[in-house]
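Worksheet: the structure to be examined is printed underneath.
Below, chains carry the letters A, B, ... as their sequence lines are ordered, and counting in each starts from 1. Keep in mind it's a predicted model, so treat the numbers as computed, not measured.
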Amino acid sequence: MSLFDAKFYDFYVHLAPDSALTRFASEAKRYGYSGIFILGPKIDKFGLSDLPGDFSIFSANEISVKPSRLRDEIRKYKDSKNILIVLGGDEETNRAAVETAGFDILLQPAKFNHVIAKAAVDNSVTIGFNLGPIIRLQGEARIREFRIMRTNLKYARKYGLKMILTGDPYSCYDLRSPREMAALAGLFGMTSKEAVDAMSSVPLDILRRKSTDYIQEGIEII
Amino acid sequence: MSTLPTLREKKRYIAFEITSEQIINRSELSREILSSICSLFGDKGSSEINAGLISYDGRYGIIRCAKDQTESTRAALACIYKIRGIRISILVLGVSGTIKEAMEKFIQKLLNKESRPRIEN
């Protein structure tokens, strides 16, 4: 059995409210995904009628505010069953984010260090690798992104942080299949096993944690 | 002059499908693939990958690369997102050792699958 037989999910899908979700979903299914997480507007606004079979759509919230307001913002959304994503940035943002329990993914933190890594382990925060800039940028900017990802990967391995991969798609022309994503992740040192886990088992684990039956790690309503 | 069979380099053929807003012509695609590989791996890496567009019909196509460089070629193909302002996405259908097999196993099979419902109608 190949590594790539798992179910794949992509977090961090931006879609304009008027773009055709049905087309995007059928394209994503053809590319080998089993589900996507849409950011921003409520998914009820999209016509959810004729979606392809065994394809699931979840909604996620992106929080991008000043570091001082980040804690309040996370608390506000904590009880909604949406996935919470914080866009990582400078050290202050990352620190404020990982020290607040209750959110799920810290995406592409730029200045990562051991203090943030330890706090992330304590609050079971997943670290996200955004492959969008690698696809779209060139030259110096792309080199910078690669360097950030290399350091993040080093800390994630040392402290056993969970990782996810996303392609940051805005339309169906930005989709990349899971094997291509793994190949791109290989460029900064991720093994294909890690890449597959980052796209299949870790998203499923986050979903399990967000389900209504889940109370705390190890405690669940049966 | 042809190379001795024992000294011939082993190659792999990657079958791909293009999703784009408008049809891209062959020379543009070929140039874009080479420049993407070049910007990602540099001149030395590109010489090792030994890439080339073998065939392309506007939607499906085949790219040649060195035997142990399929992953890097995949990464370079994934980095192509825009040609002349037209948004584009390349989906790799499969990798094979011969052009014939890449054609039959991946592209022909897909075309058959697409044409079958039409016959039923």
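The 12-atom threshold is not exceeded at CD of Glu92(A), counting heavy atoms of other residues, nucleotides or ligands nearer than 6.0 Å. Counting non-hydrogen atoms of neighbouring residues, nucleotides and ligands closer than 6.0 angstrom, the CZ atom of Arg147(A) reaches no more than 12 such neighbours. Taking a 6.0 Å sphere around CZ of Arg209(A), one finds it holds more than 12 heavy atoms contributed by other residues, nucleotides or ligands. When the shell of 6.0 Å around CG of Asp57(B) is examined, it contains more than 12 heavy atoms from other residues, nucleotides or ligands.
Within the 4.5 Å cutoff, the side chain of Tyr170(A) has no heavy atoms near those of the Arg87(B) side chain. For the pair Ile86(B) and Tyr173(A), the minimum side-chain heavy-atom distance is 4.5 Å or more.
Note on Leu187(A), Leu137(A), Leu131(A): by heavy-atom pairs under 4.5 Å with chain B, the leading option is Leu187(A).
Contacts of Arg136(A) with chain B are made by both backbone and side-chain atoms, with heavy-atom separations under 4.5 Å. Only the backbone of Ile88(B) comes within less than 4.5 Å of a heavy atom of chain A; no side-chain atom from C-beta onward does. Looking at Leu40(B), the atoms closer than 4.5 Å to chain A (heavy atoms on both sides) sit in the backbone and in the side chain alike. With a threshold of 4.5 angstrom between heavy atoms, Thr70(B) does not approach chain A through any atom at all.
In terms of heavy-atom proximity, Glu27(A) sits nearest to Thr19(B) at OE1-CG2, 3.8 Å.
With hydrogens and angles disregarded, a donor-acceptor distance shorter than 3.5 Å links the side chain of Ser89(B) to the backbone of Leu175(A). With Arg74(B) contributing its side chain and Ala183(A) its backbone, the two residues share no donor-acceptor pair below 3.5 Å.
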Practice item. Starting from the C-alpha separation in whole Å, work towards a yes-or-no answer on side chain to side chain contact (heavy atoms under 4.5 Å, CB included) for Arg142(A) and Ser39(B). Key: CA-CA 10 Å; Arg142(A) 183 153 71 179; Ser39(B) 84; 2.9 Å; yes

Practice item. Could you give me the CA-CA distance, side-chain angles and deciding distance for Leu184(A) and Cys79(B), then say whether side chain to side chain contact (heavy atoms under 4.5 Å, CB included) is met? Key: CA-CA 8 Å; Leu184(A) 281 173; Cys79(B) 286; 3.7 Å; yes

Point to revise | Pair Leu77(B)-Glu180(A), side chain to side chain contact (heavy atoms under 4.5 Å, CB included): steps then yes or no | key: CA-CA 8 Å; Leu77(B) 289 181; Glu180(A) 261 92 283; 5.6 Å; no

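Looking at Glu17(B) and Arg30(A), a side-chain N of the basic residue comes within less than 4.0 Å of a carboxylate O on the acidic one, giving a salt bridge.
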